[in-house]
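Hydrogens, waters and symmetry mates are skipped; everything else that's a heavy atom, side chains included, is used. Order of listing sets the numbers, starting from 1, for every ligand and every atom in it. Because the structure is predicted, anything quoted here is derived from the model rather than measured.
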Amino acid sequence: MKKKGIGIVDSGVGGLTVAKEVLRQLPREDIIYFGDTARCPYGPRPYDEVRDFSMQMISYVLTYDIKALMIACNTATAVILPEISSKLDIPVIGVIEPGARSAIRKTKTGKIAVIGTEGTIRSGAYAKALKKLSPSTTVVSLACPTLVPFVESGNLNDPTGYDIVKNALLPLAGEDFDTLILGCTHYPLISHFIQDVVGPRVKLISSAEEAASELSAVLSHRGMLANGGDLVNNHHRFFTSGDRELFNSIARKWLGIPLESQLVDLNRVN
Ligand code: DGL
């Protein structure tokens with residue numbers, strides 16, 4: 001029987017942090033990844049535009065045979081998760097609740113900081129999710145609009161990254177927190193700079209691991225996990241709406257697998 005894939009969507013390369021965890025935790029699954037790099041960043045865009053763009057990506061991924069969908073973008077999760085979950089009859093997993101759960105498990109002081117795009121922070125989705133899990137949690141939130149363009153440039157180890165992160169996080173300087181949620185899937189790609197800036201005592205939380213565990217639990221519960229078979233027969237697909245070579249180079253480095261992305265113009269297919 002032909003394997004069904006896991007659809008993963010993001011505004012760009014950030015969702016690769018989720019894809020990497022899915023590949024690590026569920027190595028027999030095939031992934032179908034869409035990164036809307038031509039229209040990245042989504043963070044500063046108005047709500048309706050993020051909704052429309054996200055729907056277009058999802059519609060494209062749904063033209064493939066997928067058994068689950070991961071919205072590997074916090075900005076899109078904050079806007080469309082409830083709507084899309086109610087429309088589809090496959091499991092749909094976002095990244096905000098998994099990130100919040102993981103932070104609550106890790107914090108010792110109950111003081112948590114969240115960084116994300118303007119859209120995610122404006123939505124208050126993390127603060128709501130954290131308070132729901134643990135009402136006594138103190139949450140401080142900060143939008144960091146300069147980080148996604150740096151990640152999308154692909155120069156992830158360029159030393160200027162440290163200053164960009166330091167400036168972006170300046171408003172958190174006087175704040176007291178022991179846990180920092182990377183509330184944007186792009187940020188784990190530069191977690192080395194973020195950890196340097198906040199210091200070793202602050203625990204960084206990426207939603208990727210927890211979101212992949214949730215996927216694994218849901219698929220296992222429904223008896224939908226890919227079983228057996230040879231790993232070399234995995235057939236992943238990567239689509240980008242922007243620069244293929246840049247996407248390939250970031251994705252190959254981050255995932256550690258050979259891959260060739262395909263270019264898709266969402267304005268034409270939808
Ligand atoms: N990676 C995305 C997120 O998790 C969005 C970045 C952007 O497009 O602004 O929010």
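- Residue contacts with ligand 1, taken as heavy atom pairs separated by less than 4.0 Å, involve Thr185 via backbone and side-chain atoms alike.
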Kindly indicate, with the supporting measurements, whether the criterion side-chain hydrogen bond (donor to acceptor under 3.5 Å, both in side chains) is fulfilled by Thr137 and Ser134.
CA-CA 6 Å; Thr137 307; Ser134 172; 3.1 Å; yes
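- Protein heavy atom nearest atom 1 (N) of ligand 1, with residue, atom name and distance: His186 ND1, 2.7 Å.
- With a 4.5 Å cut-off on side-chain heavy atoms, Glu152 and Val148 count as touching.
- The shortest distance between side-chain heavy atoms of Lys203 and Asp178 does not fall below 4.5 Å.
- Looking at Pro41 against ligand 1, both its backbone and its side chain come within 4.0 Å, counting heavy atoms.
- At least one side-chain heavy atom of Val13 sits less than 4.5 Å from a side-chain heavy atom of Leu189.
- Inter-residue side-chain proximity for Thr138 and Ile112 is flagged as unmet; no heavy-atom pair is nearer than 4.5 Å.
- Looking from atom 3 (C) of ligand 1 to the surrounding protein, the closest heavy atom is Asn74 N, 3.2 Å.
- Regarding atom 10 (O) of ligand 1, its nearest protein heavy-atom neighbour is Thr75 OG1, 2.7 Å.
- Listed by number with element, the atoms of ligand 1 under 4.0 Å from a non-hydrogen atom of Asp10 are 1 (N), 2 (C).
- Closest to atom 5 (C) of ligand 1, if we only count protein heavy atoms, is Ser11 OG, 3.4 Å.
- Between Tyr187 and Phe193, the distance from one ring center to the other does not fall under 6.0 angstrom.
- Every atom of ligand 1 is numbered from 1 in the order shown, and the set under 4.0 Å from a heavy atom of Cys40 is 8 (O).
- Contact annotation for Thr77 and ligand 1: no heavy atom of the residue comes within less than 4.0 Å of the ligand.
- The distance criterion of under 3.5 Å between nitrogen or oxygen atoms is met by Gly43 with respect to ligand 1.
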Under the criterion side-chain hydrogen bond (donor to acceptor under 3.5 Å, both in side chains), I'd like the reasoning laid out for Thr75 against Thr117: C-alpha separation, chi angles, the key distance, then a yes or no.
CA-CA 7 Å; Thr75 315; Thr117 67; 2.9 Å; yes
